[in-house]
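FYI, side chains are in, hydrogens and waters are out, and symmetry mates aren't considered; it's all heavy atoms of this structure. To find a chain, count down the sequence lines: A is the first, B the second, and so on, and within it residues start at 1.
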Protein chains: 2
Amino acid sequence: MDQRQALSAFAALAQETRLQIVRVLVVAGPDGMAAGMVAEKTAVSPSNVSFHLKELERSGLISQKRESRSIIYTANYNALGGLIRFLMEDCCAGNPEICAPVAAVAACCAPKVEEKLQ
Amino acid sequence: MDQRQALSAFAALAQETRLQIVRVLVVAGPDGMAAGMVAEKTAVSPSNVSFHLKELERSGLISQKRESRSIIYTANYNALGGLIRFLMEDCCAGNPEICAPVAAVAACCAPKVEEKLQ
DNA sequence: TCCATATTTCAATAATCCTTGAATCGTTGA
DNA sequence: TCAACGATTCAAGGATTATTGAAATATGGA
């Protein structure tokens with residue numbers, strides 16, 4: 001993830017409806033969710049949700065695939081991970097020890113690491 | 001960090017000049033950097049840099065303190081860490097294993113953890 | 001006090017982004 | 001082929017955000 005992509009991802013997440021959509025899609029998991037269902041879950045008009053879905057796709061945070069009449073959207077976990085990585089590199093730049101507390105949070109993603117440390 | 005703060009932080013980072021400012025301040029470390037120096041480092045007019053510094057402060061990502069004639073800005077590492085945490089919680093929601101690769105990046109912040117694992 | 005320095009504030013313009021509803025497109029089943 | 005469904009596109013508007021340069025504020029030294 002380069003700066004250009006990061007800027008685009010930050011812009012995508014800096015909007016309440018879009019952040020909500022991303023959370024809904026993350027919870028939906030790898031199977032994703034149809035656009036209409038996203039609209040329902042977020043209580044936003046189909047046209048408006050479509051606008052934001054497109055914006056999120058443009059930023060690389062989600063992807064789409066057609067399935068019969070529906071269009072299924074899926075969270076792009078790699079992109080989310082890339083953004084986190086980008087932020088951490090900024091955070092640590094020149095001061096590795098300063099944001100060490102953040103590492104503790106990483107535990108939520110790596111239960112195995114947690115175990116090894118006990 | 002709640003959703004409101006996260007939205008504000010994402011908006012703050014979704015602008016090239018501001019992202020650049022944050023990076024400069026992160027590299028500057030806990031001692032921070034005077035507004036004028038930030039303007040110089042980023043090649044942005046003082047008035048414009050002041051506008052963006054205010055925006056970043058409003059979002060909680062940086063803080064200021066006056067020091068004689070200068071106003072020193074400092075990156076708020078806690079806020080950056082909080083934002084990373086917020087992202088990771090979203091990322092992991094319902095799918096702890098999916099973003100495990102991100103945990104590897106955390107190593108950059110926690111050399112001690114690295115050691116223990118070897 | 002007066003001047004120079006460091007920075008912010010302000011007003012105006014320009015640019016970008018969001019929302020809405022109507023029209024359109026692609027898909028499926030009768 | 002036609003109608004219905006799920007979704008996108010488009011144009012218009014309203015709202016927010018960025019940039020600029022000039023004026024204002026605060027501080028420290030002569």
Given axes from five pairs at either end, by how many degrees does the helix from dT19(C)-dA12(D) to dA30(C)-dT1(D) bend, rounded to 10°? 20°
Using a 4.0 Å heavy-atom cut-off across all strands, classify [X] as base, sugar-phosphate, or nothing.
X: S70(B); value: sugar-phosphate
X: A34(A); value: sugar-phosphate
X: S68(B); value: sugar-phosphate
X: S47(B); value: base

Flag the pair R58(A) and E55(A) as a salt bridge only when some basic side-chain nitrogen lies within less than 4.0 angstrom of an acidic carboxylate oxygen. yes
Would you mind telling me which residue lines up with the more 5' stretch of DNA chain C, R66(A) or R69(B), judged by nearest nucleotide? R69(B)
Judged by each residue's nearest nucleotide on DNA chain C, which is more toward the 5′ side, E67(A) or R58(A)? R58(A)
Does anything in residues 3-20 of chain A reach DNA chain C, meaning a heavy atom under 4.0 Å, and if so which residues? Q15(A), R18(A)
Beyond-backbone contact of M88(A) with I84(B), side-chain heavy atoms, under 4.5 angstrom: yes
For Q3(A), which residues count as a side chain to side chain donor-acceptor pair (under 3.5 Å) partner, sequence neighbours excluded? R23(B)
Contact span of DNA chain C against chain A, any nucleotide atom under 4.0 Å from a heavy atom, 5' to 3', runs dC18(C) to dT28(C)
Can you give the first and last nucleotides of DNA chain D, 5' to 3', that have an atom under 4.0 Å from a heavy atom of chain B? dA18(D) to dG28(D)
Inter- and intrachain pairs under side chain to side chain donor-acceptor pair (under 3.5 Å), touching residues 24-49 of chain B, at least two apart: N48(B)-H52(B)
